[in-house]
Amino acid sequence: MPHRFRKLPKVELHRHAEGSLRAETLWEFHRRAGQALYSTFEEMKAAVTIPRGECPGFPAFLSRFNALYFRYGGIKEMERLAVEYIADAADDNVIYIEMRFSPAFFARRMKENPVAGPGGGWLGQPPEPREIAEEVAEAMIAAAQGEARRRGIQVGFILTLGRHFKLAGNLPQAELLDRPIGKQFCGVDLAGFEAIPAAEFRAIFDASRARGSGITIHAGEDPHGPGPANVSEAIDELHATRIGHGVRAAEDAALVARLAEKKIVLEMCPTSNLQTQACASASVYPLKRFLDAGVRVTVNTDDPAISQITLSDEYARLADECGVTFEELRRCTLTAAEAGFLEAGVRGELVRRIEAGWSA
């Protein structure tokens, strides 16, 4: 039962804002804007969520994001989404979260944006004006910080780029890192279709690393992609210190040993990894194997609104279905605190809070 973990302080490093939007709020925005993409709330919810117990595969999982491509409104709506993101984390006793998001995604949902609107998808959308993406980023970060202070938790921000938009399509977002708002991002991420080589984005990530940004790369998530080779590419080409998912690294014993040796952190997301079919079943989920091999592992939700879960649900699933012990979950939580893209002093205090909460 998830509630037994809700009382414990937790850290989350891998939760997309785009996949954390409350369906009720989206339905309110959809109706207020007079859109006709969905005729009922139930129809919209079915399009943007995955029922518990279903594992439809990677394309079907990504299709939920396509279903989110409609206008949400203006800046006030974007601020509300950021506040709700933090509130939902705080309600689950997450005391530090790294809010990763694509300002471009939300800029395309703005009524003021000339390229926003229904339809579209992962490919073929024109770049949004950088000014709108910057305004969105400023508003969402300020709103999230305000709610975090109100709820007594900490929040960091990760800028997410998309492989599917290629280098040119990502430049408007990457330019934000050179703007004043860029100082608010503690890390940079690359997500999307793993068939597109990460090496294409090396210049962006080299520059980000030179600025002191943390580097986390989605790799080893796509069940039909290169798998272990993509994890190695993320480390060798983009110098990632954290890997988003990394499930398929388990297929290569030499890579697992390398992850342990280099202290690379895996941001694992059990329910998402099962729903995308990156892993065949909970009984063979490799988190425990990684731990036994000395790999640093963290537990995350990925897209909790789409998967209809909380972080406490993920802890319960690992304990009940994957044989992960309380001590192993504690270790994963401490790893998450240690691996956050934080200043050393802040990180140390976070570790102490986790140790105290779990010991009690």
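All values below come from the heavy atoms of this structure, side chains included, with hydrogens, waters and symmetry mates left out.
- Checking Thr301 against Glu12 by side-chain atom types alone, a donor-acceptor pair falls below 3.5 Å.
- For the residue pair Ser63 and Asn66, no side-chain donor N or O sits within less than 3.5 Å of a side-chain acceptor on the partner.
- Donor-acceptor pairing under 3.5 Å is recorded for the side chains of Asp92 and Ser312.
- Checking side-chain atoms of Asp303 against main-chain N and O of Ser20 turns up no donor-acceptor pair under 3.5 Å.
- A donor-acceptor contact shorter than 3.5 Å links the side chain of Lys10 to the backbone of Phe5.
- Contact of the Ile264 side chain with the Ile235 side chain is registered, since non-hydrogen atoms from C-beta on lie closer than 4.5 Å.
- Counted by atom type alone, Ser283 and Glu321 present zero donor-acceptor pairs between their side chains at under 3.5 Å.
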Item to check | Test log, rule salt bridge (charged side-chain N to carboxylate O under 4.0 Å, His left out), inputs Arg150 and Glu147 | outcome: CA-CA 5 Å; Arg150 193 179 75 82; Glu147 181 66 8; 3.0 Å; yes
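- For the residue pair Arg317 / Thr271, a side-chain donor-acceptor distance below 3.5 Å is found, with atom types taken as modelled.
- A salt bridge links Arg80 with Glu84: the distance from a Lys NZ or Arg NE/NH1/NH2 to an Asp or Glu carboxylate oxygen falls below 4.0 Å.
- At least one donor-acceptor pair closer than 3.5 Å links the side chain of Arg347 to the backbone N or O of Glu338.
- Between Phe105 and Tyr69, the angle of the ring planes goes over 60°, which puts this pair in the perpendicular group of the 30/60° scheme.
- The one candidate from Tyr72, Tyr38, Phe41 that meets the ring-ring contact (aromatic ring centres under 6.0 Å, His included) condition with His30 is Tyr38.
- Formation of a donor-acceptor pair under 3.5 Å by the Asn300 side chain with backbone atoms of His14 is found in this model.
- With hydrogens and angles disregarded, no donor-acceptor distance shorter than 3.5 Å links the side chain of Tyr85 to the backbone of His16.
- Looking only at atom types and distance, the side chain of Asn230 has a donor-acceptor partner in the side chain of Glu194 under 3.5 Å away.
- Between Glu221 and Phe58 there is a side-chain heavy-atom pair separated by less than 4.5 Å.
- The backbone N or O of Gly225 lies less than 3.5 Å from a partner atom in the side chain of Arg248, making a donor-acceptor pair.
- Formation of a donor-acceptor pair under 3.5 Å by the Arg64 side chain with backbone atoms of Thr49 is found in this model.
- No hydrogens or angles considered: a donor-acceptor pair under 3.5 Å links the side chains of Ser39 and Glu43.
- Scanning for salt bridge (charged side-chain N to carboxylate O under 4.0 Å, His left out) contacts around Glu18 gives an empty result, with sequence neighbours left out.
- The backbone N or O of His245 lies less than 3.5 Å from no partner atom in the side chain of Glu267, so there is not a single donor-acceptor pair.
- When atom types are taken as modelled, the side chain of Glu328 and the backbone of Thr325 share a donor-acceptor pair closer than 3.5 angstrom.
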